[in-house]
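Down below is the structure, laid out as structure tokens.
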2 protein chains.
Amino acid sequence: MSAHQSELIAAEAAPIFAALGDTTRLSLLSRLNDGQPRSVVQLTAGTGLTRQGVRKHLGVLEAVGLVMRERVGRESRFVYQPTGIETAKQHLERASAQWDNAIERLKRRLEGD
Amino acid sequence: MSAHQSELIAAEAAPIFAALGDTTRLSLLSRLNDGQPRSVVQLTAGTGLTRQGVRKHLGVLEAVGLVMRERVGRESRFVYQPTGIETAKQHLERASAQWDNAIERLKRRLEGD
DNA sequence: GTCATAGGCAACTTGGAGGTTGCTTATGAA
DNA sequence: TTCATAAGCAACCTCCAAGTTGCCTATGAC
């Protein structure tokens, strides 16, 4: 992967990580993770928050592409969207790889050129 | 993995994601990613922020275990710590796996029991 | 021993995140 | 057609995160 592409992934990864950095949103996502669309009221149940509060969290998830909204009748259904998580995973995997690489080089140097 | 363990990973993943959800910190991390310890002044260079500002970001990264601090003489050296990224990666991988599973089940059901 | 450098710590400012209440509109059910 | 339900929207509150300035301390260099 080019350095340019790396920068791009990093730039788009930060907002995704930020969206994931909240227990409420993480929990909402894990509930939507089964692929089933759910309405706002459904998703509000069990959170201890108001409908509007949950709606804001869903807005954040939607803004970074982690979920999608579809209007059905008077309901707003939210659906899990796998691409966002995939982007985040790629970023972390690249970080892991760079780290492994650095360690490997360090080891070789220690073991005597 | 047990449901209990899942909950634990989720609970400790959120603060890590939050720490990663900032471009400055993401960039600091990627610079430390090569395993080389770096002082605060070194890490400040190129950020456009003050030393104290950068120091705060490093404090956040340290608080969630993404980096470690070691005092050497009058310097504070910060070192990359791979375990945090590993935890975050595990969480995302679990999410991906659940998703794949759900899709697979859906497909089987559609293809006619 | 003196001076420059690295860093810690505290106080302060500001914008936005997370949450609420209150009101209005659309749609489904009876 | 009337009423209950789902949701949107706006205004507001509160608190913390991000960043700054300013000052003090410790350590290395000369």
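The figures that follow rest on heavy atoms only: side chains count, while hydrogens, waters and symmetry mates do not. Chain identifiers are assigned alphabetically (A, B, ...) following the order of the sequence lines, protein sequences preceding nucleic acid strands; residue numbering begins at 1 within each chain.
- Salt-bridge check for R108(B) with E111(B): failed, with every basic side-chain N at 4.0 Å or more from each acidic carboxylate O.
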The contact string for nucleotides 6-18 of chain D, one letter per nucleotide 5' to 3', using protein heavy atoms under 4.0 Å with B, S and - for base, sugar-phosphate only and none, comes out as SBBB--------B
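- Nucleic acid contact class of G53(B) (heavy atoms, under 4.0 Å, all strands): base.
- Shown are L58(A), T87(A), L29(A); of these, the side chain to side chain contact (heavy atoms under 4.5 Å, CB included) with L66(A) is made only by L29(A).
- Of the N and O atoms on the side chains of R69(B) and S76(B), at least one donor lies less than 3.5 Å from an acceptor on the other residue.
- Counting heavy atoms from C-beta outward, L20(A) and L20(B) have side chains that stay 4.5 Å or more apart.
- Look at CG on L58(A): it is 15 Å from C1' on dA17(C), rounded to the nearest Å.
- For the side chain to side chain contact (heavy atoms under 4.5 Å, CB included) with F78(A), the qualifying choice from Q36(A), Q42(A), R38(A), E62(A) is E62(A), the only one to do so.
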